[in-house]
Amino acid sequence: MISSRVERFRQCFISHQVFEALQPLFLITFLYGLTPFHVAKDKSGESAVRMSFFGFVNIALYTLLYGSCYIVSLLQDETVVGYFFRTEISNVGNTLQICNGLITGAVIYISAVTQRRKLLRVCEILFNLDDNFANIGIKVKYSRIYRFCILMIVFKILVIGSYFGGVLHLLKSMGITPSFSVCVTFFLQHSVLSIAICLFCFMARSFERRLVILNKVLKNLYHQWDTRTIKTITQKQRSLQCLDSFSMYTIVSKNPSEIIQESMEIHQLICEAASTANKYFTYQLLTIISIAFLIIVFDAYYVLETLLGKSKRESKFKTVEFVTFFSCQMILYLIAIISIVEGSNRVIKKSEKTGGIVHALLNRAKQPEVKEKLQQFSMQLLHLKISFTAAGLFNIDRTLYFTISGALTTYLIILLQFTSSSPPAVQTACSILNSTEIANVTQT
């Protein structure tokens, strides 16, 4: 009885098809209105991505709710940050944050409708990719990607839920009851951004795992070759034994030139899928990174201003509560940027390794036909490269850390200078007024 229950529980984390691996994430995005389709099974039991009329209605409802609550918050000048303190700089930061949040929501929900076919195309390419892997004897295991998807969703839900619950508890403890529009904007802004990031990271993970399989196929071919000749390779020697963590043990009945040709087609499909995914996510990533950077700048300023003792704020909250709130919000958006950058960077690094393996094969190849195929593969690698950009304005890789760090430092210095220059300005004005009064008295 216990063993059967354990087996049924284990089966919940096993996936046999590419669309089954997509099901948990597509269910969440469908419920949140971020995608207008979901994964369903047909009569034959095969999973497929299907459009839904309710999906489009759901997107429209979320857009109206999201936009109306942000506009109400902007008109009433009411935000969660405003409950903590109000200064001239915080008012500017709140207004910018509301406007950016409104733009971010609009971009994400509009692209969910206008760019939906690009996301469907990515799913189709992933399905075709696995057929190409089957042609060279590789059966992709989806359970690892499926479990990654579930863990990623659970982690994001726990983080957002804990953060949102902690903020509400903190406000309630001080007798502050947030309005409905503030609660909706605060919760939706964090949750929608997190789910959009989950979708991007999952797609990046899918590309990464298939690049890993492709690289292992080529590495295995490299180890099979003898430095003297490859003509003595027998039928039994053409086995992909190094792919146990990704595939079933199979015997490849094709010669090396056919394997290289299939690998070229697989690499082309991966590059096409990555390019299509970048077109779908490009404006979403731009707006997400922009609002994350803006929030990090102002949160870091609030924390530094308080810790340095330069804050003139009047607040019900203690310094510890104040610093904790803004530090947690800053860390939350730092995690968002790191998730995007690392997801993109892993795919790029795995794709760069393919070039080194192909050129190692080219140096060891003896047959003219195989050399010609490898030279074609080398030219393909030169012209087809995987990269992710934010609307073409900047590349999404680890160089973005340096760019953000430099810009963050610059803006923090400027904001802190505004704070430090305010008292002298006031003193100068007072001294001018005092000297004017003394001169008037003397003349009198």
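By convention here, the first residue in the shown sequence is residue 1.
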So, do Pro24 and Ile28 sit near enough that their side-chain heavy atoms are less than 4.5 Å apart?
no
Can you confirm whether the side chains of Gln261 and Lys373 place a donor and an acceptor under 3.5 Å from each other?
yes
Shortest non-hydrogen contact from Thr35 toward Leu119:
CG2-CD2, 3.8 Å
Can you tell me how far CG of Leu285 sits from OG1 of Thr389, rounded to the nearest 0.5 angstrom?
8.5 Å
Measuring only between side-chain heavy atoms, which start at C-beta, is Leu332 closer than 4.5 Å to Ile160?
yes
Side-chain donor or acceptor of Asn58 paired with backbone N/O of Phe30 under 3.5 Å
yes
Let's go through Phe202 and Phe207 carefully: what are the C-alpha distance in whole Å and the side-chain angles of both, what is the deciding distance for ring pair (Phe, Tyr, Trp, His ring centres under 6.0 Å) to 0.1 Å, and is it a yes or a no?
CA-CA 9 Å; Phe202 177 80; Phe207 305 147; 9.5 Å; no
Does Val113 offer a backbone N or O that forms a donor-acceptor pair with the side chain of Arg116 under 3.5 Å?
yes
Heavy-atom distance under 4.5 Å between the side chains of Val297 and Leu415, does that happen here?
yes
Can you give me the closest heavy-atom contact between Cys198 and Leu25, atom names plus distance?
O-CD2, 3.8 Å
Inter-residue atom distance Leu269.CG - Ile125.CD1, 0.5 Å rounding:
6.5 Å
With a 4.5 Å heavy-atom cut-off, do Phe133 and Arg210 have their side chains touching?
yes
Any side-chain to backbone donor/acceptor pair from Ser111 onto Ile108? Under 3.5 Å, distance only.
yes
Rounded to the nearest 0.5 Å, what separation is found between the CG atom of Leu214 and the CZ atom of Arg209?
13.0 Å
Got a donor-acceptor contact below 3.5 angstrom from the His359 side chain to the Gly355 backbone?
yes
Grab the two heavy atoms, one from Ala112 and one from Gly33, that are nearest each other, plus how far apart they are.
CB-O, 4.3 Å
Test log, rule side-chain contact (heavy atoms from CB on, under 4.5 Å), inputs Ser327 and Asp299:
CA-CA 7 Å; Ser327 297; Asp299 286 353; over 6 Å; no
Validation row: Ser263, Leu218 side chains within 4.5 angstrom (heavy atoms):
yes
Tell me if the CZ atom of Phe155 is crowded by more than 12 foreign heavy atoms within 6.0 Å.
no
Just wondering, more than 12 heavy atoms not from Tyr283 lying within 6.0 Å of its OH?
no
Heavy-atom nearest pair, Ser378 first then Val358, reads N-CG1, 4.2 Å
Minimum heavy-atom distance between Val122 and Ala277, given as atom pair plus value
CG2-N, 3.7 Å
Sub-3.5 Å donor-acceptor pair from the side chain of Gln380 to the main-chain atoms of Met264, do we have one?
yes
Gap separating the CE atom of Met203 from the OG1 atom of Thr276, nearest 0.5 angstrom
11.0 Å
Does the pair Arg121/Glu272 count as a salt bridge with the N-to-O cut at 4.0 Å?
yes
Can you say whether the rings of Phe326 and Tyr302 are parallel (under 30°), tilted (30 to 60°) or perpendicular (over 60°)?
perpendicular
Does any donor atom in the side chain of Asn215 or Thr354 lie under 3.5 Å from an acceptor atom in the other side chain?
yes
Worked verdict on Tyr70 versus Gln189 for side-chain hydrogen bond (donor to acceptor under 3.5 Å, both in side chains):
CA-CA 10 Å; Tyr70 259 105; Gln189 177 177 311; 2.3 Å; yes
Just say parallel, tilted or perpendicular for the rings of His267 and Phe377, cut-offs at 30° and 60°.
perpendicular
Looking at Phe164, I'd like to know if its CZ atom is crowded, meaning that more than 12 non-hydrogen atoms belonging to other residues, nucleotides or ligands lie closer than 6.0 Å.
yes
d(Leu211 CG, Ile270 CD1) to nearest 0.5 Å is 4.0 Å
Between Cys328 and Tyr163, the two heavy atoms sitting closest are CB-CE1, 3.9 Å
For Val341, which of Asp397, Leu400, Ile289 qualifies under side chain to side chain contact (heavy atoms under 4.5 Å, CB included)?
Leu400
Between Phe37 and Phe26, does the ring centre distance come in under 6.0 Å?
yes
Would you call the rings of Phe200 and Phe281 parallel, tilted or perpendicular, where under 30° means parallel and over 60° means perpendicular?
perpendicular
Do Thr282 and Leu286 make a side-chain contact, defined as non-hydrogen atoms from C-beta onward lying under 4.5 Å apart?
no
Between the NZ atom in Lys118 and the SG atom in Cys123, the distance rounded to the nearest 0.5 Å is 14.0 Å
Taking the inter-plane angle between the rings of Tyr109 and Tyr62 on a 0 to 90° scale, is it parallel (under 30°), tilted (30 to 60°) or perpendicular (over 60°)?
parallel
Quick one, Glu352 and Lys385 - any side-chain contact, counting heavy atoms below 4.5 Å?
no
Evaluate the side-chain proximity of Ser257 to Gln367: yes if any heavy-atom separation is below 4.5 Å, no if none is.
no
